[in-house]
Amino acid sequence: MAELPKRYDPTSVEPKWYQRWMENRDFIADTKSSKPAFSIVMPPPNVTGVLTLGHVLGDTIQDILCRRARMQGFEVLWLPGMDHAGIGTQTAVEKHLRRTENKTRHDLGREEFLRRVLEWQDKHGGIIIEQLKRLGCSCDWSRQRYTLDDAYAAAVRKAFVDLYNQRLIYRGRRMVNWDPVALSAISDEEVVSKPQIGKLYFVRYEIVEEPERFLEVATTRPETIMADTAMAFHPGDKRYLDLLGKHAWRPLAREKIPIVADEAIDPEFGTGILKVTPAHDAVDFEIGERHNLPVIDVLDADGRINCPAEPQLDLLDRFKAREKAAELLQGRGALAKTEPYENNVGFSDRSDVPIEPRISEQWFLRYPKTEEALALVRDHLIRFFPAHWEKVYAQWLENIRDWCISRQVWWGHRVPAWYRKSQMGNSKSQRGADIYVGIEPPSDPENWIQDQDTLDTWFSSWLWAYETMDDETRKKFYPTSVLVTGPDIIFFWVARMIIAALEFDPGKTEKIEDNIPFHHVFFTSIIRDKLGRKMSKSLGNSPDPLDLIDKYGADGLRFGLMRIAPTGQDIRFDEKQIEEGRNFATKLWNVARFRQMHGPSEPAPAIDEHALSIYAVQVLARLNETIDQIEAAYRDYQFNAVAQRLYEFVWSDYCDWFVEAAKTEIFGTDESRKKTALAVMDLVLSATLRLLHPFMPHLTEELWSLMTFGKDSIQFATPPEKLALDGVNDIPGNCKLAGAIYDTVQAGRNLRSESKLPSNKKMRFILRTNDNTISAEIPTVARLLTAEELVVDRGYQPSPGTPVAITPLGEMFLPVAVVDRERERERLDREIVKVEGELRIVEAKLKNSSFVDRAPAAVVEQHRQRLSALTAELAKLKQAHEALT
RNA sequence: GCGCGGUUAGCUCAGUGGUAGAGCACUACCUUGACACGGUAGGGGUCAGAGGUUCGAACCCUCUACCGCGCACCA
């Protein structure tokens with residue numbers, strides 16, 4: 001048998017296995033299968049996106065869940081796909097167009113522009129799919145979907161038409177969040193507020209009826225003064241009561257405007273006077289409606305001033321206009337003062353510019369089934385992990401507002417509404433003969449013009465949980481088992497998917513539990529950099545996962561990331577942690593390599609339980625515990641705990657202790673003992689590989705194959721079960737002895753190290769003990785100590801100054817090191833102080849009658865045992881100390 | 001303003017009432033028949049602060065401080 005190389009080489013192994021899995025169609029879900037179903041729909045990445053660490057995290061988690069389910073005997077569907085990402089993709093193409101041809105989309109026209117987007121998509125699209133394959137994702141690629149697939153697009157239109165017919169979707173002229181860069185309306189959820197340092201301008205408005213009397217108004221937006229159509233104060237504000245019904249002179253685009261009283265004004269803020277600008281502020285718009293104020297719009301769609309009445313401001317950008325307006329006011333004596341001011345400004349999530357409240361004609365959805373959606377999560381028909389997101393979800397639903405679903409972009413699902421040509425421009429009449437809303441275009445298209453707008457991308461992705469499945473697939477795999485996604489899209493996507501499922505009833509029966517989109521939602525962490533900042537392209541702090549895969553292997557990346565991904569908290573990413581993942585892969589590789597050097601493995605190792613060494617019993621007991629702990633961690637989606645436990649088990653329990661101890665037998669002459677030791681190695685290795693497979697699919701598959709643990713792929717091997725170990729009498733006794741030996745070994749090693757002796761020098765140790773049960777273990781203890789010899793001598797009398805350690809098995813001496821009495825005395829002093837300290841604490845506790853009476857008996861007993869052990873240890877230490885003087 | 005997280009070793013983080021833990025980093029020794037991407041040993045913590053509950057608190061309760069996030073307000 002060829003010896004394995006010293007290091008695992010993921011670059012050749014990983015692609016090899018992925019290709020084989022694909023050839024074997026291992027990831028393809030069978031709707032005819034009699035196995036129970038397990039399904040996940042992948043949150044679709046943007047079609048032209050590339051893999052980020054966020055994807056690596058989410059998709060690794062999904063892969064882990066799917067691979068584990070496959071091993072557990074489920075028929076697994078992991079359904080992948082991509083999102084057309086309306087505004088996002090369009091913006092990218094527009095940017096490219098401006099850079100390369102210095103053109104806007106309007107220069108090209110809708111048809112040509114869309115052709116360019118498709119070109120762009122052909123060139124840059126789907127890269128992420130190949131990258132997911134490098135990560136090892138076990139998706140059913142035969143079912144890959146795209147939000148612009150014909151069938152999917154038809155489903156989106158159908159959803160629109162259904163909701164329209166129920167009058168849940170309506171068209172209206174309303175105040176929306178306007179993105180002046182994307183030139184589109186956006187939803188409330190796409191607005192993020194950021195604190196901005198600006199100025200508060202105090203502007204004087206002269207009272208028309210009382211010349212020389214002025215009203216002072218505090219505003220952050222002097223550039224919208226031309227759109228003021230009233231002044232307002234709180235009806236209870238006595239300072240201004242006498243002005244009610246009078247008028248003020250608007251200082252820019254000079255005009256008389258009425259003074260009104262409205263409850264919406266906070267008398268505490270500024271001067272207690274508000275300038276009412278219905279066209280450019282949501283609150284002002286409402287005030288305007290209450291007082292029948294005219295609406296004057298002085299801003300163009302791109303954020304420039306449109307006000308010929310003030311030529312110096314006309315056509316200026318809104319921010320330049322702000323300064324200019326202040327100048328003009330100053331010149332007209334209308335600016336009382338300015339103060340520095342910090343306030344929150346709504347920014348477009350997409351363009352990162354301040355949004356403009358703007359009145360425009362848009363399509364809106366009045367959310368259906370919000371009560372039901374709330375109840376579903378509250379009553380745990382859908383469970384969130386971590387559960388605290390339930391509150392965030394509830395808060396949103398309780399304050400839900402209509403969703404602006406139309407976008408003034410070209411790339412996306414076009415609104416399936418047509419207007420009769422003769423009626424164009426008459427937007428007041430929404431229903432009836434002049435508008436047609438349907439899944440297919442009207443039968444006489446020449447007489448109609450389709451709505452220019454497209455739908456919010458999320459209006460298509462909210463159907464993702466089931467419109468990605470054909471009927472047969474849906475019958476077997478819907479509702480999905482779990483959704484894995486980031487908490488940042490809990491409103492955008494998770495909540496809306498729940499609402500869509502409730503509204504459209506995609507399930508096989510009417511029952512609500514057959515219609516929910518998923519049973520569980522696991523919210524992943526958000527990955528930040530070492531300094532706690534969000535990963536972003538502009539900061540350049542986002543490592544390319546492909547580079548990490550090249551450097552550390554996909555398995556190293558996966559394992560390293562999973563081990564540090566806590567539930568419910570952000571992750572601080574550090575490449576060191578990925579390096580640890582890679583190192584762990586090497587460790588596992590090498591222990592397998594060691595095993596392989598001693599002959600072929602047993603696929604199904606038969607062990608004679610009566611012949612097991614205490615070390616074997618101990619490691620098998622630890623394996624049992626590990627299986628339990630992992631099971632519990634999976635139940636709560638604690639992937640980091642699973643990874644950490646496996647790491648400790650492999651590295652510490654198995655490699656550092658069991659394998660090292662078993663070398664006595666492996667290198668020994670007793671063939672039967674050797675065979676047993678190797679069989680235990682195989683047993684544990686085989687179990688470990690299966691436990692690790694979901695995290696490190698390639699490496700475990702490679703080792704599974706090299707070690708010939710199974711004829712078939714490890715993917716479908718059953719998970720290891722706990723061993724009963726019925727043939728072992730006194731399992732705890734075995735474990736205890738093994739533990740005592742390990743403690744003794746550590747004490748002996750410490751003695752050597754404290755005595756400043758090189759760690760590789762073969763030493764002679766002497767153990768003074770009355771215990772006869774360990775005589776068989778002497779060679780192993782000696783090996784673990786790197787001792788030349790370990791002598792058991794019950795009557796040993798050390799020469800003064802011989803270093804001694806008190807161990808669970810007796811006193812360990814290191815005679816060679818009799819060098820310096822003074823130093824040994826100091827060392828013993830330190831030990832004595834330590835033991836005395838602990839002894840005092842335990843003693844005090846046991847003297848406390850409250851403790852003895854009220855603490856559980858087992859705890860008290862534990863303390864008693866500890867007390868006697870400490871007392872004995874202290875006596876021996878003192879004895880050794882006296883011998884020195 | 002309302003709500004949700006967090007504060008434990010230099011760093012990243014585990015730790016649901018019974019002697020404070022891991023990895024990295026650090027120090028010392030070691031290429032000893034799997035592994036230097038390794039082995040062995042070691043140093044390093046008033047568990048943010050204050051009060052309370054309890055025989056006993058990192059852990060449960062209350063308050064405070066600081067950090068992060070969401071929602072609302074934002075003239």
Side-chain angles (χ1 to χ4, degrees), chain A residues 3-4 6-8 192-193 195-196 200-201 217-221 232 264-266 269-277 281 283-284 341-346 386 388-389 391-392 395-396 399 487-488 490-491 526 528 530 532 552 556 563-564 566 568-574 576-577 579-598 640-641 644 647-648 651-652 655-656 659-660 663 666-667 746 749-754 756-762 783 785-786 837-838 841-842 845 848-856 858-860 862-863 866 870:
Chain A
E3 193 176 299
L4 300 178
K6 265 194 183 183
R7 285 192 189 161
Y8 166 61
V192 287
S193 74
Q196 290 294 301
L200 199 54
Y201 301 84
V217 171
T219 179
T220 54
R221 305 205 59 190
I265 286 86
D266 174 7
F269 188 91
T271 57
I273 299 278
L274 175 72
K275 69 182 199 63
V276 185
T277 321
D281 185 278
V283 174
D284 292 15
Y341 185 64
E342 185 178 321
N343 69 335
N344 286 321
V345 176
H388 69 253
W389 292 110
K391 225 168 176 169
V392 178
Q395 199 180 11
W396 182 75
N399 299 295
D488 49 335
I490 185 168
F491 310 139
I526 289 175
R528 298 174 177 280
K530 261 171 122 171
Y552 304 109
R563 201 158 73 96
I564 55 157
Q569 274 176 69
D570 293 351
I571 300 176
R572 298 231 175 174
F573 180 79
D574 185 347
K576 270 263 177 265
Q577 292 151 334
E579 196 181 318
E580 282 177 45
R582 188 268 321 260
N583 293 354
F584 179 62
T586 308
K587 187 72 180 177
L588 188 67
W589 177 260
N590 270 293
V591 77
R593 180 166 164 263
F594 172 73
R595 170 62 191 87
Q596 213 202 20
M597 287 171 174
H598 297 93
N640 58 332
Q644 182 59 22
Y647 183 92
E648 281 168 7
W651 209 302
S652 173
C655 293
D656 289 347
V659 174
E660 290 305 321
K663 281 180 179 173
I666 291 170
F667 292 120
Q746 281 192 313
R749 287 167 176 170
N750 174 257
L751 217 50
R752 173 209 290 275
S753 172
E754 290 274 309
K756 305 279 179 211
L757 293 162
S759 57
N760 64 337
K761 189 166 179 191
K762 297 255 175 177
R783 166 178 288 278
L785 280 168
T786 327
E838 199 186 333
I841 293 168
V842 177
K845 261 190 142 169
N848 181 342
S849 59
S850 307
F851 171 71
V852 179
D853 295 346
R854 307 180 73 155
V859 174
V860 177
Q862 202 182 315
H863 279 74
R866 185 76 194 135
L870 286 167

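A note on names: the letters A, B, ... follow the listed sequences, proteins ahead of strands, and every chain is numbered from 1.
- B:rA72 and B:rU12 are spaced 35 Å apart, taking the C1' atom of each and rounding to whole Å.
- Residue A:N583 places its side chain closer to B:rC37 than to any other of B:rU40, B:rC73, B:rC37.
- In this structure, B:rC4 forms a base pair with B:rG68, meeting either the Watson-Crick or the G-U wobble geometry with both donor-acceptor distances under 3.5 Å.
- Within 4.0 Å (heavy atoms only), A:I841 reaches no atom of the nucleic acid at all.
- The side chain of A:K587 approaches B:rA34 more closely than any other nucleotide in the set B:rC74, B:rG5, B:rA34.
- To the nearest 0.5 Å, atoms CE (A:M597) and CD1 (A:I666) are separated by 12.0 Å.
- For A:R221, the salt bridge (charged side-chain N to carboxylate O under 4.0 Å, His left out) partners two or more places apart in sequence, or in a different chain, are A:E223, A:E356.
- In this structure, the CD1 atom of A:I571 is 16 Å from the P atom of B:rG6, given to the nearest Å.
- Atom-to-atom, CG of A:D574 to P of B:rU12 comes out at 9 Å; the value is rounded to the nearest Å.
- Distances were taken from every side-chain heavy atom of A:N590 (C-beta onward) to each of B:rC35, B:rU40, B:rC37; the shortest belongs to B:rC35.
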Base, backbone or nothing for each nucleotide of nucleotides 23-30 of chain B, written B, S, -, heavy atoms under 4.0 angstrom, 5' to 3'? SS----BS
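- Using atom C1' as the reference point in both B:rC47 and B:rA14, the two lie 13 Å apart (nearest Å).
- The backbone N or O of A:Q746 sits nowhere less than 3.5 Å from a side-chain atom of A:N750 that would complete a donor-acceptor pair.
- When the side-chain contact (heavy atoms from CB on, under 4.5 Å) test is applied to A:K6, the partners found at least two apart in sequence or on another chain are A:R593.
- For the pair A:L274 and A:F269, the minimum side-chain heavy-atom distance is 4.5 Å or more.
- Using atom C1' as the reference point in both B:rG52 and B:rC73, the two lie 36 Å apart (nearest Å).
- In terms of polar N and O atoms assigned as donor or acceptor, the side chain of A:E660 comes within less than 3.5 Å of the base of B:rA34 in a complementary pairing.
- In this structure, the CD atom of A:E579 is 12 Å from the C1' atom of B:rA36, given to the nearest Å.
- Look at A:K391 and you won't find any side-chain N or O under 4.0 angstrom from OP1 or OP2 of B:rG5.
- Among the protein residues, A:N848 comes within range of the sugar-phosphate backbone only, with heavy atoms under 4.0 Å from sugar or phosphate atoms but none that close to a base.
- B:rU31 and B:rC37 have their C1' atoms separated by 15 Å, given to the nearest Å.
- Taking 4.5 Å as the limit, every side-chain heavy atom of A:Q196 sits out of range of all side-chain heavy atoms of A:N344.
- Considering all non-hydrogen atoms of both residues, A:T586 and A:R7 come closest at CG2-CG, 4.4 Å.
- Residue A:R582 is classed as a base contact, given a heavy-atom separation below 4.0 Å to a base.
- Rounded to whole Å, the C1' atom of B:rU16 lies 11 Å from the corresponding atom of B:rA58.
- When the side-chain nitrogen and oxygen atoms of A:N750 are compared with OP1 and OP2 of B:rG42, one or more of them lie within a distance under 4.0 Å.
- Partners of A:Y647 by ring-ring contact (aromatic ring centres under 6.0 Å, His included), not counting sequence neighbours, listed by chain and number: A:F584, A:W651.
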Under 3.5 Å, which N/O atoms of the protein pair with N/O atoms of nucleotides 17-21 of chain B?
| from | atom 1 | to | atom 2 | distance (Å) |
| --- | --- | --- | --- | --- |
| B:rU19 | O2 | A:E838 | OE1 | 3.4 |
| B:rU19 | O2 | A:E838 | OE2 | 2.3 |
| B:rU19 | N3 | A:E838 | OE2 | 3.0 |
| B:rU19 | N3 | A:R866 | NE | 3.3 |
| B:rU19 | O4 | A:R866 | NE | 3.4 |

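- Considering only the side chain of A:K6, B:rC35 comes nearest among B:rA34, B:rG39, B:rC35.
- Backbone-only engagement by A:Y341 is indicated by non-hydrogen atom pairs under 4.0 Å involving sugar-phosphate atoms exclusively.
- When the P atom is compared between B:rA41 and B:rA48, the two are found 30 Å apart, to the nearest whole Å.
- The distance between atom CD1 of A:I490 and atom C1' of B:rC71, rounded to the nearest whole Å, is 12 Å.
- A:N399 places its CG atom 14 Å from the C1' atom of B:rG1, with the value rounded to the nearest Å.
- Atom CG of A:D853 and atom CG of A:N848 lie 9.0 Å apart (nearest 0.5 Å).
- Nucleotides B:rU53 and B:rG17 are separated by 12 Å at their C1' atoms, to the nearest Å.
- Here the OG1-CD1 distance, from A:T271 to A:I265, works out to 11.0 Å after rounding to the nearest 0.5 Å.
- Looking at heavy-atom distances under 4.0 Å, A:F667 makes contact with a base.
- Across all strands shown, B:rA9 forms no Watson-Crick or G-U wobble pair with both distances under 3.5 Å.
- The partner of B:rG17, taking Watson-Crick or G-U wobble pairs whose two distances both stay under 3.5 Å, does not exist in any strand shown.
- In this structure, A:K663 reaches the B:rA34 phosphate: one of its side-chain N or O atoms is under 4.0 Å from OP1 or OP2.
- For the OP1/OP2 pair of B:rA22 and a distance below 4.0 Å, the side-chain nitrogens and oxygens of A:W651 include no atom meeting the criterion.
- For A:L751 and B:rG42, the CG to P distance is 11 Å, given to the nearest whole Å.
- You'll find the side chain of A:I490 stays beyond 4.5 Å of the side chain of A:W396, heavy atoms only.
- A:L274 comes within contact range of at least one nucleobase, with a heavy-atom separation under 4.0 Å.
- Qualifying ring-ring contact (aromatic ring centres under 6.0 Å, His included) partners for A:F667, counting only residues two or more places apart in sequence or in other chains: A:H598.
- The residue A:T219 sits close only to the backbone: its heavy atoms come under 4.0 Å of sugar-phosphate atoms, none of a base.
- Straight-line distance from the NE2 atom of A:H388 to the P atom of B:rG3: 16 Å, rounded to whole Å.
- In this structure, A:R7 reaches the bases: a heavy-atom distance under 4.0 Å links it to at least one base atom across the strands shown.
- For B:rA57, there is no paired nucleotide, since no Watson-Crick or G-U wobble pair has both relevant distances below 3.5 Å.
- Residue A:D266 is in base contact, counting any heavy-atom pair closer than 4.0 Å across all strands shown.
- Here A:Q395 does not reach the OP1 or OP2 of B:rG70: none of its side-chain N or O atoms lies under 4.0 Å away.
- Atom OG1 of A:T786 and atom CG of A:L757 lie 12.0 Å apart (nearest 0.5 Å).
- Where A:F594 and A:E648 each meet RNA chain B at their nearest nucleotide, the meeting point lying more 5' is that of A:E648.
- Looking at A:R752, its side chain does come within 3.5 Å of a backbone N or O of A:K761 through a donor-acceptor pair.
- Using a 4.0 Å heavy-atom distance criterion, A:D656 is classed as a sugar-phosphate-only contact.
- The interatomic distance linking A:F491 (CZ) with B:rC69 (P) rounds to 15 Å, in whole Å.
- Rounded to the nearest Å, the gap between the C1' atom of B:rC13 and that of B:rU7 is 12 Å.
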